[in-house]
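For reference, positions follow the sequence shown, starting with 1.
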Amino acid sequence: MEAITAPHDPAGTRLTVTSPEQMRELGRRLAKLLRAGDLVMLTGELGAGKTTLTRGLGEGLGVRGAVTSPTFVIARVHPSLGDGPPLVHVDAYRLGGGLGEMEDLDLDVSLPESVIVVEWGEGKVEELTDDRLQVVIHRTVGAESSLGAAPGSPETDEVRHVTLTGLGERWATADLSVLSA
């Protein structure tokens, strides 16, 4: 993974990920920075790697159960196998805007003791807390990658540009640049 910006940049830390395994590894590294009460919002088109990143988070947090896309069940709780927090994985794709439909999931109740990851959460869960980590995954499709690969080649189709932006007091001093190491 290649870091593009300096730590504590208000625009976020930008990384280039070139394979699904690197996306999982990013999730494993990010898990080391997370703690109970953290909300992580994942944004990216279909196939961008949101669930792959979350699989890595689950591995890094040491939770039970295979982390798969919760599209049809909306939310899955993965209890910790150790003394860490459980992972609550939410797919808000099929839900309407705002906290209205999200309230039935009781995320506000789960948040203090869990790490909550919400795919497609933009415009739907921001009201849960002022402190959150926004992760935007942009998939490079049909254009030449920064690695010099030709458009449409497997090397280009696997390239993702990931921007991590911490919001609120919780993330004000977090050094997200360690994720590129």
Side-chain angles (χ1 to χ4, degrees), residues 12-15 17 20 23-138 160 162-176 178-179:
T13 296
R14 294 187 181 107
L15 306 170
V17 176
M23 188 66 79
R24 280 177 86 153
E25 177 60 25
L26 175 59
R28 288 188 288 268
R29 289 181 183 176
L30 178 56
K32 294 175 184 176
L33 299 178
L34 298 177
R35 61 184 185 217
D38 283 342
L39 172 65
V40 180
M41 290 177 38
L42 302 180
T43 302
E45 63 216 25
L46 287 170
K50 297 179 297 295
T51 300
T52 301
L53 177 72
T54 307
R55 280 189 191 108
L57 284 172
E59 292 166 9
L61 290 170
V63 299
R64 185 178 69 209
V67 175
T68 59
S69 179
T71 299
F72 297 104
V73 294
I74 310 300
R76 281 198 176 93
V77 177
H78 297 275
S80 176
L81 292 172
D83 58 357
L87 171 66
V88 178
H89 183 198
V90 179
D91 186 331
Y93 183 75
R94 298 181 185 283
L95 301 177
L99 276 177
E101 289 183 61
M102 300 295 283
E103 284 181 355
D104 290 338
L105 300 176
D106 288 330
L107 295 180
D108 55 336
V109 174
S110 300
L111 185 59
E113 68 268 356
S114 304
V115 169
I116 297 181
V117 176
V118 183
E119 297 185 27
W120 305 98
E122 191 171 4
K124 299 174 183 174
V125 296
E126 290 89 342
E127 296 172 33
L128 282 173
T129 178
D130 290 333
D131 297 316
R132 62 187 174 276
L133 180 64
Q134 291 184 233
V135 180
V136 177
I137 305 170
H138 177 72
R160 306 293 193 268
V162 182
T163 304
L164 300 101
T165 306
L167 301 172
E169 188 176 319
R170 155 73 175 102
W171 294 101
T173 58
D175 184 3
L176 297 174
V178 300
L179 298 172

Worksheet entry | Arg29 side chain vs Val178 backbone, donor-acceptor pair below 3.5 Å | no
Practice prompt. Without swapping roles, check the side chain of Lys50 against the backbone of Glu45 for a donor-acceptor pair under 3.5 Å.
Written response: yes
For residues 130-137, dump all side-chain donor-acceptor pairs below 3.5 Å to protein atoms at least two apart in sequence or in another chain.
from, atom 1, to, atom 2, distance (Å)
Asp131, OD1, Glu169, N, 2.7
Asp131, OD1, Arg170, N, 3.2
Arg132, NH1, Thr129, O, 3.1

[X]: which residues meet the side chain to side chain contact (heavy atoms under 4.5 Å, CB included) condition with it, sequence neighbours left out?
| X | answer |
| --- | --- |
| Arg64 | Pro79, Leu81 |
| Val63 | Leu61, His78, Leu87 |
| Ser80 | none |

If I compare all heavy atoms of [X] with all of [Y], which pair ends up nearest, and what's the gap?
| X | Y | value |
| --- | --- | --- |
| Trp120 | Ala92 | O-CB, 3.5 Å |
| Leu57 | Gly27 | CD2-O, 3.3 Å |
| Pro85 | Val115 | CG-CG2, 3.8 Å |

How would you list, by chain and number, every residue that makes a side-chain hydrogen bond (donor to acceptor under 3.5 Å, both in side chains) with [X], sequence neighbours excluded?
| X | result |
| --- | --- |
| Arg35 | none |
| Ser114 | none |
| Arg76 | Thr68 |

